[in-house]
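The structure under discussion appears below in the form of structure tokens.
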There are 4 protein chains.
Amino acid sequence: MSQSTDPGVPVEGRRTGRPRSAAADRAILAATRAALVELGWSRLTLGDVASRAGVAKTTLYRRWPGKNELVVDALAELFDGLALPPDGGSLEADIVGVVLRFAALLERPEVRSALMALIAEGAYDAALRDRIRSAIVNRQKRLVLEGRARAVHRREIPPAPEPGPQADLIFDVIAGTVVHRALVSAEPVDETWASALAALVAAGLRG
Amino acid sequence: MSQSTDPGVPVEGRRTGRPRSAAADRAILAATRAALVELGWSRLTLGDVASRAGVAKTTLYRRWPGKNELVVDALAELFDGLALPPDGGSLEADIVGVVLRFAALLERPEVRSALMALIAEGAYDAALRDRIRSAIVNRQKRLVLEGRARAVHRREIPPAPEPGPQADLIFDVIAGTVVHRALVSAEPVDETWASALAALVAAGLRG
Amino acid sequence: MSQSTDPGVPVEGRRTGRPRSAAADRAILAATRAALVELGWSRLTLGDVASRAGVAKTTLYRRWPGKNELVVDALAELFDGLALPPDGGSLEADIVGVVLRFAALLERPEVRSALMALIAEGAYDAALRDRIRSAIVNRQKRLVLEGRARAVHRREIPPAPEPGPQADLIFDVIAGTVVHRALVSAEPVDETWASALAALVAAGLRG
Amino acid sequence: MSQSTDPGVPVEGRRTGRPRSAAADRAILAATRAALVELGWSRLTLGDVASRAGVAKTTLYRRWPGKNELVVDALAELFDGLALPPDGGSLEADIVGVVLRFAALLERPEVRSALMALIAEGAYDAALRDRIRSAIVNRQKRLVLEGRARAVHRREIPPAPEPGPQADLIFDVIAGTVVHRALVSAEPVDETWASALAALVAAGLRG
DNA sequence: TTCTAATCGAGACGGTACGTCACGTCTTTGC
DNA sequence: GCAAAGACGTGACGTACCGTCTCGATTAGAA
């Protein structure tokens, strides 16, 4: 699980006094996701999250520095569940599997509304960018790398030094294209479309 | 042309009364971009934009319903400047040209900070999504179609019914991948990377 | 009738050009009273008055310097109608008559809400105070003086130099008491109450 | 005691949380009076009061619903200081004493500018009228009743059932007349004028 | 009759204050 | 020392009116 307590507060040195409630953490992150679903990123407020979680605002600020970091952790719990689909038997089938899994996550309303907002905030906040990368993005990239390894093992494509620039390109192609389809073009990512994309990517990898 | 007056107010039928100042429009959009560069999306306030533009806040709200729509129009003026590069002699060269031009736009600080935020807002606001599509996105789609037509004319790829699903896919791939590289992965879009992407796309189109 | 065009604009020297519409004056003052009835002083806006009168805001400002002066003139038209009641045959009866007439005016909603507001504004605006005095207050004072003259003529009270301090006192007593009853105590000014007040004032005048 | 916290918020039942600052109450009411003196009623703004008091606008709105109620409480603190003068030895002398004390209050600039405005607002707001009555007006009524009791004790006037309609009338006469003299006629309330009023009222009470 | 100049409606304009909201901090009482 | 509660200073929000201005279109009297 991604660390849900703010790493800025050292666990060391706090020995006496009432310990922090672990239940509060779970309640806060769940309340954050619920509020995202109902309100979307820009209407979400920390006061609202606190009262949904049955927690005082102070408790919330004691654990996270702000809205950005809280939402990163709330989404990270969802991405923790990402796993590579079972081997589809071919490069194309594996790509289709990854694309559909990624799209399913992207189409959850809490993710739709929050993920791009976090990346936007990251444009002016390097620490946030790192937090996003380690908690969310890299978890997806792993799928791409693993799928590629399967294809090499099946001898569909030649082996390549990893992690190398080509793996990054493939990741940008798949993730970027799905995001663009789902959030900008706002059209469904179904099996037909995923197959077309997989064909294009596989051709590129082979050719 | 970017739609800088709020389309909700029909231009037809308003004959009397003091006309809106065209200079104010220009000043407001320029001030918006300047504020984006300095402050980024989340710290940008409409009051600040108004005072930068030497304009009253009410003037601003008379023309745009809010921050989202204002920033769409401010960015749209930048995208209006996009043009297809001269014929590069091959499909790959043309793709590289488009990608580099597009990336140059995406790396301007006002775009970096605002574009993802707009897409995030669009997740819960269909009207905004349409506005983004018509003012910004579709302007680039034209480039893809034209580049494809050149390739067909050069007999590099077979002709296809247009605009069809494949053109849309190519567009999502190129635009999405470049945006993801520039704004999510936050790594440079240089000629090497652009060539790799072009190779992948061209192979997909041919294969 | 109280002058309804702003005296600050000299009538001299304006010979050519389109003359001001007299109908507009009437419509504006009537609209002002109607708005006062509906909204009361503090919610009355000049823009609303203008649109009720079917007139542009400019027309309104061309004739009155502001809300205060406009309302003075609007109320003045009501006070123009004030007349002494027929001779009641005794000092008490005449006082009762004046009190009831004054109270009837004070209880009109447009007057209730606006008269005290104007006096409050007058506390910091000497020109307004004069305008109120000449257009409204003096019209009431005349009734008191005339009633007193009748009583002297009937030999109910001794003659006195006029206008003298006693007349002013009587005026303040009657007007002030009625206003206090109607607007502060917010209780009805009926014939019973008026008779009690008249008895007190008459006793004071005689003794 | 003037009710300086909004009575709509019950003091009962609030045990936890940071308590409201009592110093803020005092600072706000003092700042309100200072702003009234400088600016008068109509130019007084709550933002200005807040910054004079060194307090946030929200603190002000947390305690009072608006300008009207705030000013009532600010004036009420002044009227709290009213006390019956020492026994003057006669009904007339006592009336003169009360009238002069009351007039001295009315001639303070903060009261001059605000009291009539409040009464005007009260014309369309029954709750405000009640607040004015209980916080300001009734405090003076006490003086009238007490002065009357003294006169009865001195056997100057016959005893009467109290509080009865006559006491209310006397109160309306004295308070209304002094207010009208001071704020509408805008002429001084000096000993001469007060004596004349006292004579009239005393004659009315005796006759 | 034509000219001319002030009027008219409409509505945009730069301002100012409004009353509300969310922020992130603080100060209480109670565990 | 943590927790809930809620007041606090701050600053932006979006709205409402203010009083002024710029339009094109009348409208009467003067030339």
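Quantities reported herein were computed from a predicted structural model and do not represent experimental measurements. The chains referred to below are lettered A, B, ... by the order of the sequence lines, with proteins before strands, and numbering in each begins at 1.
By the side-chain contact (heavy atoms from CB on, under 4.5 Å) test, A/T58 pairs with A/A56, A/R62, sequence neighbours left out. Residues forming a side-chain hydrogen bond (donor to acceptor under 3.5 Å, both in side chains) with C/E110 (at least two apart in sequence, or on another chain): C/R108. Residues satisfying the side-chain contact (heavy atoms from CB on, under 4.5 Å) test with C/A120, not counting sequence neighbours, are D/M116, D/A117. Taking the side-chain hydrogen bond (donor to acceptor under 3.5 Å, both in side chains) definition, one finds that C/R26 meets it with nothing, sequence neighbours left out. Checked against side-chain hydrogen bond (donor to acceptor under 3.5 Å, both in side chains), B/D130 has the following partners two or more places apart in sequence or in another chain: B/R133. Under the side-chain contact (heavy atoms from CB on, under 4.5 Å) criterion, C/A27 pairs with C/A53, not counting sequence neighbours. Every side-chain contact (heavy atoms from CB on, under 4.5 Å) that D/S21 has, sequence neighbours left out, goes to D/A23, D/A24, D/R63. Scored by the side-chain hydrogen bond (donor to acceptor under 3.5 Å, both in side chains) test, C/S42 finds D/E121 as partners (sequence neighbours excluded).
Shown for residues 115-126 of chain D: no residue has heavy atoms falling under 4.0 angstrom of DNA chain F.
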Where along nucleotides 20-25 of chain E does protein come under 4.0 Å, by heavy atom, of base (B) or sugar-phosphate alone (S), with - for untouched nucleotides?
BBBSBB
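Helical stems in DNA chain F, defined as runs of 3 or more consecutive Watson-Crick or G-U wobble pairs with both donor-acceptor distances under 3.5 Å, are listed by first residue as E:1-31 with F:1-31.
Within the structure, every pair that satisfies the salt bridge (Lys or Arg N to Asp or Glu O under 4.0 Å) test and touches residues 30-40 of chain C, not counting sequence neighbours, is listed here: C/R33-C/E77, C/E38-C/R52.
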